[in-house]
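Notes to accompany the following structure.
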4 protein chains.
Amino acid sequence: MGRPRNTELDAALLDAAEELLLERGFSAITVEAVATRAGTTRPAFYRRFDGIPQLVLSLLLHRFAIDLDRVIDCGNLPADLEAIQRDQVELFANPLVSRSLAGFLDAVQTDADLRAVFVQEFLAPRRYGAGMIIHRAVARGEIPDNPNVEWACDLLTGPLLMRALMPGLSGLDDALIGQSVSSTLHALGYRSP
Amino acid sequence: MGRPRNTELDAALLDAAEELLLERGFSAITVEAVATRAGTTRPAFYRRFDGIPQLVLSLLLHRFAIDLDRVIDCGNLPADLEAIQRDQVELFANPLVSRSLAGFLDAVQTDADLRAVFVQEFLAPRRYGAGMIIHRAVARGEIPDNPNVEWACDLLTGPLLMRALMPGLSGLDDALIGQSVSSTLHALGYRSP
Amino acid sequence: MGRPRNTELDAALLDAAEELLLERGFSAITVEAVATRAGTTRPAFYRRFDGIPQLVLSLLLHRFAIDLDRVIDCGNLPADLEAIQRDQVELFANPLVSRSLAGFLDAVQTDADLRAVFVQEFLAPRRYGAGMIIHRAVARGEIPDNPNVEWACDLLTGPLLMRALMPGLSGLDDALIGQSVSSTLHALGYRSP
Amino acid sequence: MGRPRNTELDAALLDAAEELLLERGFSAITVEAVATRAGTTRPAFYRRFDGIPQLVLSLLLHRFAIDLDRVIDCGNLPADLEAIQRDQVELFANPLVSRSLAGFLDAVQTDADLRAVFVQEFLAPRRYGAGMIIHRAVARGEIPDNPNVEWACDLLTGPLLMRALMPGLSGLDDALIGQSVSSTLHALGYRSP
DNA sequence: GTATAACCGAGACGGTACGTCAGGTCTTGAT
DNA sequence: ATCAAGACCTGACGTACCGTCTCGGTTATAC
C-alpha cells in the first residue's frame, strides 16, 4: 500500500551514479553528489539504497544483467570458452567496471550483507555458466573427468582482473582472449582433435 | 636545521595504521584514528604523509621490502617460478595485503602521483625480477625466444589477485603454486627435459 | 457523500497530545509522535488540526472549558476576586498548562490566526468575567468609578504567570490568592466596610 | 593551548541570532540559518554553543549585562523601585526580549543545565538587587520588618511579563511604572512620610 | 652561546558529507 | 469522503573527519 515509488527516481539515481563513477571514480562519489545530480535528496536515496556500495552493485546488476536462459553453447569447448572470454573482456574493459571495481571490492570485504548479495546475484550466475560449459565438455569427452573448475575460472578471470586493476600494464585487448582460452584448455587437459 | 623529526612517531604511525587496517579494513581508516592510536595528532601525520593511501603504500613498502641484491636464481625455470610464487602466495595471503589491496588500488586509480610511486617502488622491482628469470631461461635454452613476459606475469599473479579480492572463493593455498607455475611454463613454451 | 470522520480519532489525538505534553513538554512534541501514539497517521492529524499549536489550543479549550452561564457572583468584590483567583491558581498550577504555556505563547506571537482564536476563545471570556465582577462592584458602590480593569487583571494574573513560567521560584500555592486579591482591591480603591 | 578562537565569529553569531530573532521569532530560528547569516557553518556554531537556547541566553546576557557595582541607591524606597521598574519596562519592551522570551522559557523548562545558568547569571543578580533595595528600606525604617521579598518581586515583574507575553493587551508603557511601584509599596507596608 | 628553524601537543579554523528525523503533502486501495 | 499505509520532497539536525593554521613550548644545529 501507500504511495507508490517514483520509478523514474530509481533510474535517475542509477544514471547519476554512473556519470559520477565515470567522471570521478568510486572513492570520490558521495551520496550528496549522487542525489543532487539525480535531482533529488539524500533521504530519497536512502529510501532505495543502503549506501554507495549497494547503489553501485545495483548499477552493475542493471547494466550487466545476465540472461540465464540464453546460455552459451557453441557445441565445443574452445568456442564456448572464447565466447565467455569475449564477454568478460568486454565487461572488464567497460569503464564503469574498471573505475568501480577496486572500491567496490573493498566495500565487499567489509560488509557481509553486501558480499552475500554480490556473490549470489553477480558472481554465482557467471560461475554457474562457466561450470556448465566445462561439465558439458566432460560429457562430450573433450576433457577428462573431474575438471578443476575453480582453477579454470581463476585462469579465465584472474588475468583480466589484473589488467583492470593493476596500474602500469597494457589495457584489456582481444589478444587476451586467445591466450587465456589456450591456457585454460591446457589446464583442463584438452587435446585438440 | 631545526628540531629533528621524532622517528619514533614514524614507526608509531605505521604500526597504528597496520593495526587499524587489520581491524577495520582500508575504507574505515581515518587520519584521525591513526594519529590518535599512534599517540599523536593530525598535523604530525600530515608532516610525514600526504594521506591515507600514501601511508598504506609506505606501510607496504616497509613490511614487504624487496631485496634486489638477493635475486632468485635456482638454476632452472620451474624452480625459479616456484620460488616467485611461494613469495607471491605469502604476499597475497598476508592479511595486511588482502585487507588493504582493494582500497589501495582504488586510490591508485585516482591519484597519479601515488600511482607513479607505487609502480616504481613496488611493482617494477617485482616485475623486473620475473623478467630476469624468464630471460635467463631463454639464455639457458629452456624456452623459445621472444617470451611473452607480460602474459606470464598475468598468469602468475592474476589468479592470486583474484583469490585475494573476490569473495566466495577458496583462500590462497599452496596448491596454487604448482598450478600457476605449470600453466606459466606451458604458456612460455617450456618442454620438460 | 463520503465516509464520515471517525470521531474517536479526535479524542485519541487530544489524549495523545496531553500525554506527550506532560511527559516531554511543548517543544518536544511532534506531529509524528502524536499521531503514532493516537494509533493513527499524520494525514489524519492534518485533516483535523493545522499544527501542534492549534492542537494544543484545542486541548486547552477542551480541558478548561469556560461556562459563561455559571458566572461568579458572591455578592461582594473580595469574595468574587477570591473565587476568580482560586480558579486561576488551579489553572496555572495544572501541569498541562504550566508545561505548554511558554511554548504555546511563543507560537501565538508568530501566528496571527492562532492568536486571534486564542484571544477570542480563551482569553476574552475570562477577561469578560473579571470585567463583569469589577463593574458590578462599581454598581454596588464598593469601589470608585472608572476602575482600571486592565491593571486589575495584570495584578491578578501577572504574578501567577510569573510563578508558572519563571524558574527558581516557589510554586503556585494558595497564599498567592489572598496576596493578589488584597493588592487588587487596593489598586481598585476598595475600602473595607 | 591550541589555535585561539576567532572572537569575531562569536560576535557574528550573536548578531545573526539577534537579527533572526527580531525578524522571525524564537521558534523559527535554526542553527543553519544563524550560521549562514553569520557567514560560517554549523560546526563552528556548535563549537561555541550547545544549541539555540544557549545562544539566546548568551545574547541576553551580552545585551543586558548587569553591572553589580553600579547598584541602584536613590536614598528612599519609592525612588529605588521606580528606578528598577524603569529598567524592567525597558527590558521587557525591548523587541529582542519580547520576541525570545516565551520560546526561551519553554526551553528552560525542559533543559535543567540551561535553567541553572539562566537562574544564576540572569535572574539571581536581578533578584539580589531588588532584595538589597528592600532590605535597605527596612534598615531605614521605611517599611516593617520581615518584608515578603518574593511577593514584591512578583508584583514588580509579573504584570510586565504578562504584557510582554500575552496577546491582545496594551503594550508596555511608562504608566506601568507608577502603578506597579504603588502596588508594591502598599504590599510592603510602606506609609508615605 | 645564542639565534633560528623545524619540530612537538593541542586545539581551533572553515568545510563537506554523513545518516537521521520530522515536516507537510500526495497517492493508492479499501471501507 | 474518509481510512491506513507509505511514498514524496524539503530542510534541518548534530556529528565525524577533512586538511590547515596558530599557538606556547621544546630541541638541535649552525652561526
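Letters go in sequence order (proteins before strands), and every chain restarts at 1. The structure displayed is predicted, hence computed values, not measured ones. Scope of the values below: all heavy atoms of this structure, side chains included, with no hydrogens, waters or symmetry mates.
- Residues that satisfy the side chain to side chain contact (heavy atoms under 4.5 Å, CB included) test with Glu32(A), not counting sequence neighbours, are Thr30(A), Thr36(A), Arg42(A).
- Tyr46(D) is linked by a ring pair (Phe, Tyr, Trp, His ring centres under 6.0 Å) to nothing, counting only residues two or more places apart in sequence or in another chain.
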Taking distance alone, no hydrogens or angles, what donor-acceptor pairs closer than 3.5 Å link side-chain atoms of residues 20-28 of chain A to residues at least two apart or in another chain?
| unit_1 | atom_1 | unit_2 | atom_2 | d |
| --- | --- | --- | --- | --- |
| Glu23(A) | OE1 | Arg37(A) | NH2 | 3.2 |
| Glu23(A) | OE2 | Arg37(A) | NH1 | 2.9 |
| Ser27(A) | OG | Asp106(B) | OD2 | 3.3 |

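- Among residue pairs with one or both ends in residues 113-122 of chain C, none qualify as salt bridge (Lys or Arg N to Asp or Glu O under 4.0 Å); sequence neighbours excluded.
- The side-chain hydrogen bond (donor to acceptor under 3.5 Å, both in side chains) test applied to Gln109(A) returns no partner, not counting sequence neighbours.
- Where DNA chain E meets chain D (any atom under 4.0 Å from a heavy atom), the bounding nucleotides read 5' to 3' are dG9(E) to dT16(E).
- Among the atoms of the strands shown, base atoms are found under 4.0 Å from some heavy atom of Thr41(D).
- In terms of the side-chain hydrogen bond (donor to acceptor under 3.5 Å, both in side chains) criterion, Asp50(A) has no residue partners (sequence neighbours excluded).
- Between the CZ atom of Arg42(B) and the C1' atom of dC17(F) there is a distance of 7 Å, rounded to whole Å.
- Near DNA chain F, meaning a heavy atom under 4.0 Å away, the residues from residues 4-26 of chain A are Arg5(A), Asn6(A), Leu9(A).
- With contacts defined as side-chain heavy-atom distances shorter than 4.5 Å, the pair Leu165(B)/Leu165(A) qualifies.
- The CD1 atom of Ile52(C) sits 12.0 Å away from the CG atom of Leu114(C) when rounded to the nearest 0.5 Å.
- Atoms CD1 (Ile29(B)) and P (dG19(F)) sit 13 Å apart, rounded to a whole Å.
- If Gly39(B) and Ala33(C) are placed on DNA chain E by their nearest nucleotide, the residue sitting closer to the 5' end is Gly39(B).
- Residues forming a ring pair (Phe, Tyr, Trp, His ring centres under 6.0 Å) with Phe122(C) (at least two apart in sequence, or on another chain): Phe118(C).
- Asp111(B) meets the side-chain hydrogen bond (donor to acceptor under 3.5 Å, both in side chains) test with Gln54(B); sequence neighbours excluded.
- At a non-hydrogen distance threshold of 4.0 Å, Pro43(B), Tyr46(B) from residues 43-62 of chain B come into contact with DNA chain F.
- One can place CZ of Arg3(B) at 5 Å from P of dT27(F), the figure rounded to the nearest angstrom.
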Cut-off 3.5 Å, no hydrogens considered: what does the side-chain donor-acceptor table look like for residues 3-11 of chain A, sequence neighbours left out?
| unit_1 | atom_1 | unit_2 | atom_2 | d |
| --- | --- | --- | --- | --- |
| Arg5(A) | NH2 | Arg47(A) | O | 2.8 |
| Asn6(A) | OD1 | Glu8(A) | N | 3.0 |
| Asp10(A) | OD1 | Arg48(A) | NH1 | 2.6 |

